[in-house]
Every structure is written in C-alpha cells, then in structure tokens.
Student: 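Got a structure here, written out as structure tokens. Questions coming.
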Amino acid sequence: MKNYIVHNEWNIIEEGFEPAYNEVSESIFSIGNGRMGQRANFEEDYSGKSLSGSYLAGVYYPDKTRVGWWKNGYPEYFAKVINSINWIGLHITVNGELLDLATCEVRNFQRRLDMKHGLLTRSFEAKLQNGTEVRIESTRVFHLFLSETASLRYTIQVLNQEKASLQVVSYLEGDVVNRDSNYDEHFWNFISSSTDSQLSVTMKTKKTDFIVRADLINRFTVNDTALESKFSKEQGARVSEAVEVSLVHQDVFAVEKRVSMVTSQNHIEGELEQAGKANVAHITSLSFDEIKDKQASSWESFWNESDIEIAADVAAQQAIRFNIFQLYQTYTGEDSRLNIGPKGFTGEKYGGVTYWDTEAYCVPFYLATQPADVARNLLLYRYQHLDKAIENAAKLGFSNGAALYPMVTMNGEECHNEWEITFEEIHRNGAIAFAIYNYQRYTGDWSYIEDYGLEVLVAISRFWAQRVNWSTEKEKYVMLGVTGPNEYENNVNNNWYTNTIAAWCLKYTLESIHTLKNSVHTKLTSIVEKIAFKEEEAVLWQHIIDHFYYPVDDDLGIFLQQDGYLDKEQVLVSDLPDTERPINQKWSWDRILRSCFIKQADVLQGLYFFEDEYDLDTIRRNYDFYEPRTVHESSLSPCVHAILASKLGNEAKAYEFYLRTARLDLDDYNNDTEDGLHITSMAGTWMSIVEGFAGMRVKDGTLSFQTFIPKTWDSYAFHVQFRGVKLFVKVKQDDFELVNKSDQEINVIFNGESILVEPLTTI
Ligand code: BGC
C-alpha cells in the first residue's frame, strides 16, 4: 500500500518526483474521453521505468495464444487493445543536452489530474547535467466534445542563464510496441506518412486490418510569436517537426500539439484523410483556452448529473470522484460496439477486453447516472455477439442454439485460455441475463426484451438446460465441473452461485415469454419462429427449476459454496499472518486451491443479486460465515461485501469495505496499480455508496432507499436518473433532502416512508 497522493476534493495530486512510483502514477493520472485514452507518460524523453500506452477503443490485435498444454476448444488468440501512435512525443535538447528526468535533478515536480475540468497538468524544474535549469509546464486534454481529437500545451523557460539554445522536435511515432506481446511481435504495419504543412502517419494493424491515421498540427511560439519550423520524415513510421531557438531569460517557449486520430472503424478507408484533416483543422481553429473552456463545460454537464458529494471526508470524496471520472473516461456510452475493459485505457493487462464485470458491476452505474440508452448499448453489445456465443457453445459440444458467452472477448469470440476459466467459469452467462433483467427492472421498459433480450435469454437457457445433468443418486439436476466467481476453487461440483443463477435464468426466461404472450402487440410469435423455440423446452426448463440441487449445510444454516466446501480446513483470514498475503503472490497455486480462502464474493454475490428471495437472517448467517474467509484478492469483491454489510446494519464493515474499494488504486492496496487501474471495480465503488450506504433499490417499479451515513461524514449526496426523472438525494446525519430536478413527479420510498416529490421541488 502506498500513500503519496495528496488528498484533495477535485484533484489527484502528486508532489515531488519519485521515479520508483512512475509507472503507478502513469496509471493513476491516465486521461481519456471514451473513444481513446492514455497513460500519463511524459511528453519528453524518459529513460527510467515507464510503460508507454496510448489506446483507441475497439482497435485490437489477435495475439497468438501462448499456453503450456493445449486443450481442444482453446481460442487461437487473445485480443488486445494495443498501444497505438504516440502523438505526445517531444524530443527536447537544451544547450546540447537531452531533457530526461532520469538523468537530471528534478525540483518542485507536480502532477495533477483536474477531474472537474478534465485536464492533466504537470510542472517541474530540472537542472541538467550541463548546469542549465529549466522550468516546464504541460497541460493535456482528451476532448470530450470531439472525441477523435486531443491536445496539449507544453512550455519551457530557462531559469539560470541569460541565453540558452533550445531544440524541440515534436513527433508522431507509429512504430510502437506492447510490453505484453506474447511473441515479441510488432502489431502494426506502416502504411504512409506525410509532412506537407502538417504531420500525419497512417498505420494498419496486422491480421485485423484496422487502419489508424493520426494528423498533428504543432504550433511553436516564443512569447506568443510564431517560430519557423522544419518538417522531416524520419526512418520508419516517424515524422517530426523541429524548431531551434535561442532563449533569453524570461522567454516562454511554447509548443501546442493538436491531434486527430481516426480509424477505419468509424470511417471508410478512402475518407480517413479528409476526416483527419477536418478534425485537426477544427480543433486548431480554437485557442488552447477555448479548448479548456469547452472541455470544462462538457465535464460540468457530466458532473451535474453524476457527481457524488461527501462532506467532511476528503479522502473518501477524492476517491469516489476519481472512480466516477475514470469510468466515464473509459466509456461514455454512444457506441454499442464498445465496452469497458477491466483496465480501460490505463494499461495492457486484461487486454482491454470485456468480462462479466460489465454486466455485474458497470451496468448499474450507467443505468442510474446516464440516460437509459447507455446501458441499452451495453446490452446490445452482447446481443450483437449472440451468433458468436452460439458458435462458441457449439464448439464445446452444445447444440440447438445454446449460447455460451466468452469469459473474455473483443468481438464475441472467446479469448481466454485457461481451461478452468474458459470452459468452467460459465456463471458469466448468468450475469449477462441478469443485466437484461436489471435493465428491465430499472427502466420498466419491456421493449429491449422483446426486440433483442429474449433471444439472448433463450439461448442462455438452452445452454444451462444442456449443461446440467440428472443425478440418480440425488434425484436432482446437478452441475459438475465448474469454477464459480471464486477462482481460488476450480473444477468444483455444484457451485451454489452458478446453480442459483442458472435456475434463475431459466425462470426469468419463462416469465419473460409469459409476459410477452400476455401483451397486446407482441412480437413473440416471430421470435419463437426465428429461434425455433419449442414448448417441450419450456417443460424441461420448468422441470429443471423444480428439481435443481443446491448444496447447503443445515447445521450452520448456510449455502455451501460448492459440494465438499466444509471438508476443507476451516481457518479464517484473521489467522493468516500479513507476511503471507496476498496469498496469490505468496502461496503455490495448489495450496490456494486446497485452502478454504475465497478470492472474491461468491455465495455472497448470489445473495446480493437475489436478495429478495432470502430473509435477512439467511443473508446474515451466510455473510457472517463467508466474510471472514474472503481475502478480496479480486478488486470486484469488497463492494459486494460493502453492500451486504450495509444491508445488515454492519456500518463499520461497510465503511471499511468502501474505503478499500474506493482507494484501491489511489493507495495501491494490491500493489498492482502500475499495471493499470481497476476500472470495472470502480463501478462497484459507486454501488457501495448508492446501493450500500443509501440502500437504493427498485421495488415493484418504485425507487426505494434505506440509508445510513458513516459517523465521520457530515453528509453525502448523489444524483440518479429514473424513468425520466432526475433526482438529487442528500443524506445528512439527522436529516435528508430530495430534489426532483425534472418536470415529472416521482414517488419514492425513503427509509420505509412513501414520499411524493413534486416536479422541480425539494423535500
Ligand atoms: C476476477 C474476475 C474478473 C476479472 C477481470 C479476475 O481477477 O476474478 O471475476 O472478471 O478479474 O476483472
């Protein structure tokens, strides 16, 4: 755990340069706009530890799979969102010496992520080995208002000499690599470059043929007077523009870079040049101050609808804003071909691909903070992959339109290649169905199910119906050889969570068919025809629902995570010495598998999803049993525990889990922030407050809250959008406030009381 980020309500601040933390900071200070994003790499050369990363949503490379023992059914490749053209680069020479923070003395270094205005800034003074001292300031913006563009301003002043010679080369570099390339392959082919009055580089990904064109306009000035520059085509995919100037004391040298990145995903090949040039011309017509103003107003609109305010706890306030900011930088929701990778645009690990994290954790955040179309786009992403999910299941021996969605995917094809996860962590199918239900429950809108969702539900149900088998011994349906959310157990029989979500899927699919049957203008007949659904399937599913086996322990009154869980030596996390944690870094894998320790919420995940089906005592018994055995070595775990602890009135634990999820990356709890941020679990942080502390639920179409407030907070407040109403909710120590910001009334249940909030009024 680290503790070097300065606490501040709207800014993430690093004071002083600590080279050992540079890769951690590069992750934390990442900046993006939903279409593209970047680690906080330096503009100037840096020979110290650094992971270069500049990513474009949806542009990926199928890196050939690397495994020890090949198993039939493994995917051929792992899709990776790849490092792409470096547009920020500046090669700076002062009095003949290269500016490189690894080789000079650095003073007054500050890096700041201004979340209110969407800016990354950095300033420092450097004393080069030749004795020259310079002051540098830089500001970087990934425009929300024109998401194919970004810009930066970088200034240099010489501090201790009357006159110094300065050479600045601003470049575009297309020949970039990924550190995690499986076979040290380069993923890009160079297509073309140009240096006529502006710089451009066009690259094409190998195998996937994505074309990416970067157009860059530089503006070099000294004290606002433009400088003459020289363009060069360097070797390979590098083009540059250079200036040389003599700086006298007090002069301010500035370079402004405005870039456009267009891809063949969004433009036909023949129009890339035109689109790139138009973008960059548009953005160059704005002054840097105008750009910052536009950026600030885009972020202001977002914060007005999505902020969470916490009074009297700066660490908690900073953390929740950081989580919300990073989530929105990763996914803004307009494009149903895009999704939310666990590391977003902040690192290479997990390849930027889609996991069940989206449905289980991110959908609730987007449902409540954005118009319904955004969550609908996340659902459509999976609908668009339905055929691939059916092919994936067929490859594993399933038939009749059964679908197994991938554990990890970019375009619908499975990319995961560890058998215990690829073939066995099938609960992901359940989360995809649950998200459809969640959307319908929250919005009250059945049209998604009718237009798309039912096809997905039926295909998933067909999978479950074939994946179970009848046990003559138990006279029940069982599900063998699975991995539950707790990946510290593999190939288990009857994982309670997986059995529960499978039965629920079957039930919800049958209920959806029933609802559509009874609606007046139903498309049910055409859907049934399209997917060749037979009544016998419904009969079988009902039989499975009625005869599903669930492992329980009657003495303890708990659900068993899987058959035989109690055979394990029952020890608690509190018995583990700190030196042995995290166990995934300290123990051998077989020791982890044999232990009773749980990586992340598993039974508790099920109780969170289906809480209405269990009484409070059942939830409490299971929570009390599993919580002390859970090591939370997945970032997705603490938020579910925070929500259940809140529900059970265990406020101290709820607060502890909140801080753990909220400051996970800022304080580098798991010692892995340098790989990138835990973007999907950031939605869990939001859930911890809104569904945990404020107890927000939708019950029979009504929004309800059951609140508590941590003792150290004066108040907390958040915004939700619900069925056309925008509501602001403030919870104080002894009071609350509800503001209906829309022209439609809303009835809510607040701490057990039914309250009508008239349009545009405050209660
Ligand atoms: C977790 C999975 C999760 C994945 C990506 C793993 O460590 O166990 O549940 O889907 O990370 O976030």
Side-chain angles (χ1 to χ4, degrees), residues 27 78-81 180 323 326-327 330-331 339-365 378 381-382 404-410 414-432 434-435 482-492 495 497-498 501 561-562 581-585 589 592-593 597-606 608-609 626 630-641 660-661 664-665 669-673 675-685 687:
S27 299
F78 190 96
K80 286 178 176 155
V81 169
D180 72 343
N323 284 253
Q326 288 293 355
L327 261 174
T330 307
Y331 185 77
N339 210 281
I340 307 157
K343 302 266 178 238
F345 301 123
T346 70
E348 296 180 355
K349 207 173 167 201
Y350 294 113
V353 285
T354 308
Y355 283 71
W356 70 300
D357 307 25
T358 295
E359 284 76 18
Y361 299 87
C362 301
V363 162
F365 167 79
L378 289 173
Y381 174 89
R382 296 292 192 176
L404 176 59
Y405 276 92
M407 184 67 191
V408 167
T409 194
M410 184 62 71
E414 178 63 89
C415 289
H416 206 287
N417 53 34
E418 284 165 289
W419 64 269
E420 62 275 25
I421 293 178
T422 312
F423 307 138
E424 298 206 330
E425 208 176 325
I426 51 180
H427 67 79
R428 69 231 185 198
N429 247 11
I432 289 163
F434 188 80
V482 303
T483 297
N486 170 24
E487 292 171 343
Y488 289 176
E489 302 271 5
N490 301 149
N491 200 33
V492 300
N495 171 260
Y497 172 78
T498 310
I501 205 159
Q561 190 179 256
Q562 75 261 351
R581 295 183 67 188
I583 58 172
N584 66 15
Q585 288 171 22
W589 188 244
I592 291 176
L593 290 177
F597 293 123
I598 297 168
K599 181 184 182 192
Q600 69 199 85
D602 190 302
V603 169
L604 299 188
Q605 181 80 38
Y608 158 63
F609 275 168
Y626 286 109
T630 306
V631 287
H632 301 291
E633 288 177 13
S634 159
S635 62
L636 300 175
S637 188
C639 64
V640 172
H641 284 243
R660 189 169 173 149
T661 168
L664 180 83
D665 287 315
Y669 266 79
N670 288 349
N671 219 9
D672 61 357
T673 301
D675 296 336
L677 303 176
H678 298 82
I679 298 291
T680 46
S681 84
M682 291 181 168
T685 305
M687 281 158 57

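Ligands are counted one by one from 1 in listed order, and the atoms in each one are counted from 1 as well.
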Student: What residues, two or more places apart in sequence or in another chain, satisfy side chain to side chain contact (heavy atoms under 4.5 Å, CB included) together with Ala435?
Tutor: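 In terms of side chain to side chain contact (heavy atoms under 4.5 Å, CB included), with neighbours along the sequence ignored, Ala435 is linked to Glu359, Val363, Leu379.
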
Student: Under 3.5 Å, N or O to N or O, is Asp357 touching ligand 1 that way?
Tutor: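 Asp357 vs ligand 1: N/O contact under 3.5 Å present.
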
Student: Look at atom 8 (O) of ligand 1 and say which protein heavy atom is nearest, naming residue and atom and giving the distance to 0.1 Å.
Tutor: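 In this structure, atom 8 (O) of ligand 1 has Gln600 OE1, 2.5 Å as its nearest protein heavy atom.
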
Student: As a check for students: among Trp356, Tyr488, Tyr355, identify the option with a heavy atom nearest to atom 2 (C) of ligand 1.
Tutor: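 That would be Trp356.
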
Student: Pull out every atom of ligand 1 sitting under 4.0 Å from any heavy atom of Leu636, numbered as shown with elements.
Tutor: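 Checking each atom against Leu636, I get 3 (C), 9 (O).
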
Student: Take Glu487 and Lys599, measure what salt bridge (Lys or Arg N to Asp or Glu O under 4.0 Å) needs, and give me the verdict at the end.
Tutor: CA-CA 6 Å; Glu487 292 171 343; Lys599 181 184 182 192; 2.7 Å; yes

Student: Looking only at protein heavy atoms, which one is nearest to atom 11 (O) of ligand 1, and what is the separation?
Tutor: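 The answer is Tyr350 OH, 3.5 Å.
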
Student: Considering only heavy atoms of Glu487, which atoms of ligand 1 have at least one such atom less than 4.0 Å away?
Tutor: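 Numbered from 1, ligand 1 contributes 1 (C), 2 (C), 6 (C), 8 (O).
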
Student: Kindly say whether the aromatic ring centers of Tyr361 and Trp356 come within a distance under 6.0 Å.
Tutor: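 Ring-ring flag for Tyr361/Trp356: true, centres closer than 6.0 Å.
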
Student: Should you measure from each heavy atom of Pro342, which atoms of ligand 1 turn up under 4.0 Å away?
Tutor: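 Every atom of ligand 1 under 4.0 Å from some heavy atom of Pro342: 5 (C), 12 (O).
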
Student: Of all the heavy-atom pairs spanning Leu677 and Met682, show the shortest one and how long it is.
Tutor: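 Between these two residues, the closest heavy atoms are CB-CE, 4.0 Å.
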
Student: Strictly below 4.0 Å, N to O, side chains only: are Arg428 and Glu414 in salt-bridge contact?
Tutor: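 Salt bridge flag = yes for Glu414 with Arg428.
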
Student: Looking only at protein heavy atoms, which one is nearest to atom 7 (O) of ligand 1, and what is the separation?
Tutor: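 So the nearest neighbour among protein heavy atoms is Lys599 NZ, 2.8 Å.
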
Student: Taking the six-membered ring for Trp, are Tyr355 and Tyr350 ring centroids under 6.0 Å apart?
Tutor: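 Between Tyr350 and Tyr355, which both carry aromatic rings, the centre distance is below 6.0 Å.
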
